[in-house]
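Following: one structure in structure tokens, then a few remarks.
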There are 2 protein chains.
Amino acid sequence: MQLAAHPHQPDYSPRQNDVLDSALRLLVDGGEKALTTASVARAANCSKESLYKWFGDRDGLLSAMIGFQASKVRTFEDDAETLTAATLREHLVLFARDLLEVLSGDVSLALNRLAIGQASRDGSKLGSMLQERGRRQIGKRAGVLLEAGRDAGLLAFEDRDDAYDTLYGLIVSDLHLRMLLGEDSGRMVKDFGRRAERAVSAFLRLYGSGKSSA
Amino acid sequence: MQLAAHPHQPDYSPRQNDVLDSALRLLVDGGEKALTTASVARAANCSKESLYKWFGDRDGLLSAMIGFQASKVRTFEDDAETLTAATLREHLVLFARDLLEVLSGDVSLALNRLAIGQASRDGSKLGSMLQERGRRQIGKRAGVLLEAGRDAGLLAFEDRDDAYDTLYGLIVSDLHLRMLLGEDSGRMVKDFGRRAERAVSAFLRLYGSGKSSA
DNA sequence: CATTCACAGTACCGTACGGTACGGTTCGCC
DNA sequence: GGCGAACCGTACCGTACGGTACTGTGAATG
């Protein structure tokens with residue numbers, strides 16, 4: 001979500017970004033098996049030789065795809081104005097919905113499947129790359145929100161990471177894994193709103209300091 | 001966990017179970033890439049021809065592996081005696097710890113990675129098989145526990161599935177996914193106890209009917 | 001002993017993939 | 001015009017895998 005216009009071009013030329021886009025499309029609707037160097041070259045109208053010149057080898061291409069996609073979903077920091085109980089709740093619900101939207105995105109799902117598939121291989125920085133550029137990034141947004149809530153006297157917690165872990169679990173539960181396993185996921189989008197509300201209500205009941213609404 | 005002695009032999013002969021065991025070992029410490037028909041045959045001291053006779057094709061072998069493992073981890077139903085607040089809490093914590101143990105097991109992780117990797121393929125019943133035989137099974141155990149708690153007046157909830165979803169999220173959060181992505185996972189086992197306690201405390205604060213302890 | 005069955009071991013086939021090499025084309029630059 | 005860099009398209013190579021066929025062998029059965 002929130003595609004910034006020019007999110008600080010990471011490492012690659014426009015042409016190469018086009019190639020990475022094609023590769024992502026290919027991965028999304030064909031799975032890793034369809035992501036062969038030949039098919040990427042064909043889909044992007046470039047030569048295999050150029051692929052190897054630009055990305056080194058197949059793993060380099062995969063890493064580049066993750067980095068590229070991460071640069072596209074860079075999360076915006078919602079400026080915490082003076083928080084009230086209502087606005088805090090509002091921000092939390094918005095965060096929850098955004099999180100669910102991101103996790104259910106087909107590109108996100110495809111990249112997570114890819115990284116998980118490569119996780120058994122030894123080197124394979126893909127998993128930690130996804131962790132670092134994906135979760136840690138969106139977790140930072142939640143972090144400032146939680147801190148702001150505590151500073152405003154609306155939340156009470158000792159360990160911020162524990163609180164965020166709880167919030168994340170309440171929002172996502174095993175939904176992410178179910179989607180990764182292939183559950184149709186088309187029908188559940190409707191419920192994101194309800195799910196976000198439920199999770200935030202529970203979270204506020206756990207960590208709110210007096211003022212929460214069921 | 002809880003390997004039943006003879007958990008209702010599913011479909012295969014002892015010899016074939018040995019083969020499936022070898023295949024699982026191979027998958028665990030080599031990933032899917034290492035799970036070739038030739039290597040399975042070599043590891044199990046059988047011929048490729050026998051593999052194809054017994055399991056049809058490679059997908060049949062994978063399905064058999066999942067079914068075989070599921071039959072080994074069949075969860076026991078803990079008989080809910082007359083519940084008190086203390087015993088309910090105890091049972092919930094035990095459930096949480098068992099859940100974390102199961103999810104962090106190397107065979108479970110390997111099979112989940114396998115199923116997720118195959119999820120993009122069209123047919124691929126592997127994902128739903130894992131869902132059906134894995135989560136649904138352990139979810140049933142939690143279900144009866146929750147119902148018993150409600151019948152005893154210790155828990156208050158309307159939708160049992162919602163309650164279980166919350167419990168699951170509080171226990172697991174994104175830990176499962178992080179492990180699937182390759183986070184070392186060796187060091188965090190130590191924290192399972194603390195994590196289970198934390199999750200159950202939070203759950204009881206949300207769904208307990210008056211009597212819970214922080 | 002002859003037959004049959006189940007199986008191991010291995011050779012084999014077709015295919016597909018990762019990676020490389022090469023000819024041809026465009027474009028900018030002197 | 002000459003030249004080199006970048007690059008496309010494609011042919012090519014080595015390898016590895018899924019799946020099949022064939023041979024040998026040991027144990028059961030009559």
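Lettering of chains follows the sequences in order, A, B, ..., and the numbering in each one begins at 1.
Taking 4.0 angstrom as the limit, Trp54(A) places a side-chain polar atom (N or O) nearer than this to OP1 or OP2 of dC7(D). For dA8(C), one of the phosphate oxygens OP1 or OP2 lies less than 4.0 angstrom from a side-chain nitrogen or oxygen of Ser50(B).
The environment of CZ in Arg198(B) is crowded: more than 12 heavy-atom neighbours from other residues, nucleotides or ligands sit within 6.0 Å.
Contacts of Ala70(B) classified as side chain to side chain contact (heavy atoms under 4.5 Å, CB included), with partners at least two apart in sequence or in another chain: Arg133(B). By the ring pair (Phe, Tyr, Trp, His ring centres under 6.0 Å) test, Phe55(A) pairs with Tyr12(A), sequence neighbours left out. Scanning for side chain to side chain contact (heavy atoms under 4.5 Å, CB included) contacts around Asp159(A) gives Asp161(A), Asp162(A), with sequence neighbours left out. Residues meeting the side chain to side chain contact (heavy atoms under 4.5 Å, CB included) test with Arg97(B), sequence neighbours left out: Val93(B), Glu101(B), Ala196(B).
Here Arg42(A) lies out of heavy-atom contact (under 4.0 Å) with every strand.
For Lys125(A) and Asp59(A), the salt-bridge test fails: no basic side-chain N is under 4.0 Å from an acidic carboxylate O. Salt bridge Glu147(B)/Arg150(B): present, at least one basic N to carboxylate O contact under 4.0 Å.
What separates CG of Leu51(A) from P of dC7(D) is a distance of 11 Å, to the nearest Å. Atom pair Lys53(A):NZ and dC7(D):C1' shows a separation of 7 Å (rounding to whole Å applied).
Residue Val107(A) is tested with Val102(A), Leu27(A), Val28(A) for a side chain to side chain contact (heavy atoms under 4.5 Å, CB included); the sole match is Val28(A).
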Per-nucleotide protein contact along nucleotides 15-27 of chain C, 5' to 3', at a 4.0 Å heavy-atom cut-off (B base, S sugar-phosphate only, - neither), is --SBBBBB-----

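Heavy-atom distances under 4.0 Å link DNA chain C to no residue of residues 20-31 of chain B.
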